[in-house]
Student: 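Dumping the structure here so I can ask a few things about it.
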Amino acid sequence: MTTTQTAGWRPSMGEAATRDKPATVSGDYALMLEECLSFELGGHGKCGVDMDEPELAPLAGLPLRQAAPDLPGLTEPETVRHYTRLSRQNYAIDLGPFPLGSCTMKHNPRLNEKVARLPGFADVHPLQPQASVPGALEVIAQLADWLVTLTGMSAVAMSPKAGAHGELCGLLCIRAAIDARGETRDVVLVPESAHGTNPATAAFAGFKVESIPATAAGRVDLDALKAKLGPNVAGVMITNPNTCGLFEPDMKAIADAVHAAGGYVYCDGANFNAVVGKVRPGDLGVDAMHINLHKTFSTPHGGGGPGAGPVVLSEALAPFAPLPFVTRDAQGRIHLVEEETAGEDHPNSFGRMVAFHGQMGMFTRALTYILSHGADGLRQVAEDAVLNANYVLRSLENVLHAPFGDSGPCMHEALFSDRGFAEGFSTLDVAKGLIDEGFHPMTVYFPLVVHGAMLVEPTETESKAGLDRFIASLRSLAERAKAGDVSLHSAPHYAPRRRLDETLAARKPVLVWKGEPAPSGQPSPSEIGDR
Ligand SMILES: *Cc1c(COP(=O)(O)O)cnc(C)c1O
């Protein structure tokens, strides 16, 4: 591998570099950059900025560093370019559509960012005394009011930090409610098509998981569910709209049956974007539901965080909500109920899940999004999201098999299978091909109930022209997979990396850079990494 120290990056290595690179091109081909570590950019022993020599007085008794640390001495432009080049190796919602089903990757409005950066919000510290943060408490309380109103529920626990964390919160409320009744129910029923977090959460909370089959139309099998209900069932976890992108029309009947058997209904609200402003889960008999603010309410998804997963609760579960808890007193004053005051205000809480109350940055953005849309605007969000998904479904169902295409309109995601692909061609080939077309792949192989599933969620923030481009790309890839175009097997061809071993890349990522020894006697990057 050659290292071009001067420019700060080296020509792309591997297949991308050797592939048809025109002889006239001397630098990086098509801006496929292979970025060095900052340690390899040189400048060791230098300082990138002008600073006076510090006057250091050794601190008595403390060990003193014998040599200067081997930090790269980079100028500001070198540093900025290094990180900007790194950022360009990734795909982002600000670059193009992110059609991941179930994830609701919608545009993050810049108005949200502007509000979140107001110093009164951005600089608030979680250890400030309550009396010094009335504005922050007001934001939390107003957002809580909106979430309770939109869902038709009694209360909301704002502190969980993500959808999966919200599931845990909901199940711990259910466990506390069952304990309070002096019962021991230890089974949670979960449909086959559920997101993996549902059974994982139930198991983590100490329940046994039993699966409920789906009907041929992709819905929960109500009779099979009823047959499983009994004195050992603590509750069900149901996603509505479900992970096949379909509304569960039997939700009320399911909830009634579960309640009659003494259980509770947890609803996975990750797909709330399809029904916000149209359907209130409280009217369907739901007892607890998490809301992923980073999905429905447009706060950024960032590498698994920072998220927020408030959990709305029914009257039956509200008394068990975790601390801290926002309430308004009789005069309308808002305060946080903490352990010290919980005895009077909230005595049955199951306890605390987090150190601090919430993700202020996410709350501010979500409330901004809600207020800038208003109730009518939120309803239109759901309608447009559903319209866009149906446009994708109907535009492609003559080339891709849509397993539930006959079950009527879909909700906000279009689901396809790999049926009809030529022998040896898979959903993975199509997903990798989408990278060459300039799109982030859709969700693949989920839900598990559909063979070679491709779950596309366009969201309401894509224009018709943008959807048409995506549809044209997916159509051409589907045609190639059906025609047996072997070049698809080696896609992506136009990305800095080709086919990675998906399992190894996820389970055994190589995080230590084993590069060449750096010039001029500096420690090599691998030595740096191993130290
Ligand atoms: C995203 C998602 C979750 C988990 O939410 P996180 O915020 O990622 O923890 C759970 N269920 C479904 C259906 C989801 O799409």
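Both counts, for ligands and for their atoms, begin at 1 and track the order of listing.
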Student: Give the residues near ligand 1 by chain and number, with the criterion being a heavy-atom distance under 4.0 Å.
Tutor: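 Within 4.0 Å of ligand 1, protein side: S102, A162, G163, A164, E167, H195, T197, D268, A270, N292, H294, K295.
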Student: Residues two or more places apart in sequence or in another chain: which of them pass side-chain contact (heavy atoms from CB on, under 4.5 Å) with E183?
Tutor: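 With sequence neighbours excluded, E183 shows a side-chain contact (heavy atoms from CB on, under 4.5 Å) to I178, R181, R185, given in chain and number order.
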Student: Is any NZ, NE, NH1 or NH2 atom of the basic residue among R352 and E338 found under 4.0 Å from an Asp or Glu carboxylate oxygen of the other?
Tutor: yes
Student: With the threshold set at 4.0 Å, does a side-chain nitrogen-carboxylate oxygen contact exist between K432 and E502?
Tutor: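 Between E502 and K432 there is a salt bridge, with a charged N closer than 4.0 Å to a carboxylate O.
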Student: Does E167 have any side chain to side chain donor-acceptor pair (under 3.5 Å) partners at least two apart in sequence or in another chain, and if so, which?
Tutor: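 Partners of E167 under the side chain to side chain donor-acceptor pair (under 3.5 Å) test: T197, N198, T201.
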Student: Are L428 and Y445 packed together at the side-chain level, in the sense that at least one heavy-atom pair is separated by less than 4.5 angstrom?
Tutor: yes
Student: F446: which residues meet the ring pair (Phe, Tyr, Trp, His ring centres under 6.0 Å) condition with it, sequence neighbours left out?
Tutor: H195
